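Okay, structure first, notes after.
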Amino acid sequence: MRTAPPARYIGRFAPSPTGPLHAGSLVAALASWLDARAHDGLWLVRIEDVDTPRCFPGMDEHILQQLSACGLRPDQPPVWQSQRSALYQAALDTLVQQGLAYPCGCSRKEIETGLLESGHERARHGELIYPGTCRNGLKEKSARAWRLRTDIPKKNLPPAHIPPAQEAIYSIAINTLHWTDRRLGPQQQNVATAVGDFVLKRADGCYAYQLAVVVDDAEQGITDVLRGEDLTDNTARQIALQQALALPTPRYLHTPLVCGDNGEKLSKQNGASALDTHDPLAALNHAAHVLGLSEQSGTVGNALSAWTQHWRKHGPPLYNPAP
Ligand code: GLU
């Protein structure tokens with residue numbers, strides 16, 4: 001009996017050109033590159049410039065140069081999210097047609113007031129949990145953003161035939177999503193109660209990160225997502241969207257974060273300094289240490305192949321070693 005060959009591993013690194021790569025982002029880049037190499041897979045780079053107001057001109061090329069200086073070169077030409085709006089709109093149209101996405105006319109202020117009036121917690125990680133005001137129509141307001149419905153009660157579904165996508169959302173609404181992170185282990189979140197109806201297209205016309213990333217990961221055939229641990233909390237929303245759009249769910253591995261001298265995680269928002277690629281091996285050794293890999297000397301190429309061999313043999317390191 002012939003069995004289908006396993007899908008080829010395809011991994012990706014997906015930087016936003018909102019600032020240069022820093023020591024923290026190199027950890028995610030190196031981990032995704034090593035995992036792809038260890039699986040004889042493809043490694044892609046996707047420039048996530050969908051949030052145009054936050055992107056800096058030329059930062060995309062700068063990031064690609066920083067990666068290249070560290071020996072991390074994609075196996076296919078990079079793609080830019082800003083050129084893929086048609087894909088995101090098509091996915092949004094599908095969700096709207098299925099009654100799973102709806103226009104919302106609420107301003108931030110109105111959402112805050114609505115939450116306070118209904119006695120709900122105001123914000124979660126600075127994001128407001130939408131109270132569902134526009135679920136049943138805009139009521140004279142004009143559409144600002146578009147949201148995913150996470151609440152569909154079964155009684156609202158057509159009784160004779162429930163389309164699989166609506167069944168998926170119904171199950172998201174009542175069930176907690178469970179998944180296993182390859183480093184962090186079992187994870188769970190109830191998207192409906194923890195996050196609510198999240199935004200797919202923003203009031204400024206930009207497609208939301210959640211929608212773009214889910215559409216792109218599926219369209220590019222990504223089998224494995226490796227990215228920084230600060231993004232772990234997005235995973236349930238992305239799985240919910242994959243289910244609503246009947247798309248496959250990749251495997252996830254969230255990599256350890258790097259903290260600065262003040263103990264806070266390095267991020268572009270808190271002004272992490274740009275990765276110094278004058279000594280790429282030193283930069284790579286620092287990232288490798290965070291991943292639990294031993295220091296290498298010699299050339300960048302030799303270091304990368306030593307770490308690939310280690311990763312191939314032992315799998316991804318599970319623990320963040322003490323600094
Ligand atoms: N573009 C995101 C960032 O730079 C990463 C998104 C992802 O890997 O899913 O933080």
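Heads up: numbering here begins at 1 and tracks the sequence. Every number for a ligand or one of its atoms is a count from 1 in the order of the listing. For clarity, every value in this text was computed on a predicted model and none was experimentally measured.
A salt bridge does not link Arg312 to Asp35: none of the charged side-chain nitrogens sits closer than 4.0 Å to a carboxylate oxygen. For Glu110 and Arg108, the salt-bridge test fails: no basic side-chain N is under 4.0 Å from an acidic carboxylate O. Of the charged side-chain nitrogens involved, none lies within less than 4.0 Å of a carboxylate oxygen, so that Arg12 and Asp224 do not count as a salt-bridged pair.
When each atom of ligand 1 is checked for a heavy atom of Arg12 under 4.0 Å away, the hits are 7 (C), 8 (O), 9 (O). Contact atoms of ligand 1 toward Glu48: 1 (N), 2 (C), 5 (C), 6 (C) (distance under 4.0 Å to a heavy atom of the residue). Using a 4.0 Å cut-off to heavy atoms of Val213, the atoms of ligand 1 that qualify are 9 (O). Within ligand 1, the atoms closer than 4.0 Å to a non-hydrogen atom of Ser16 are 1 (N), 2 (C), 3 (C), 4 (O), numbered from 1 in the order shown. Close approach of ligand 1 to Arg227 (heavy-atom distance below 4.0 Å) involves ligand atoms 7 (C), 8 (O), 9 (O).
Between the side chains of Tyr209 and Gln81, not a single donor N or O lies within less than 3.5 Å of an accepting N or O. Counted by atom type alone, Gln242 and Thr249 present one or more donor-acceptor pairs between their side chains at under 3.5 Å.
Taking the side-chain contact (heavy atoms from CB on, under 4.5 Å) definition, one finds that Asp181 meets it with Arg183, Leu184, Gln187, Tyr252, His254, sequence neighbours left out.
Of the heavy atoms in Tyr209, only side-chain atoms (C-beta onward) come closer than 4.0 Å to ligand 1. Counting heavy atoms under 4.0 Å from ligand 1, residue Thr18 does not touch it at all.
Ring geometry for His39 against Tyr9 counts as parallel: the plane angle stays under 30°, on a 0 to 90° scale with 60° as the upper cut.
Closest to atom 5 (C) of ligand 1 among all protein heavy atoms lies Ala14 O, 3.3 Å. Among protein heavy atoms, the minimum distance from atom 10 (O) of ligand 1 is reached at Leu231 CD1, 3.9 Å.
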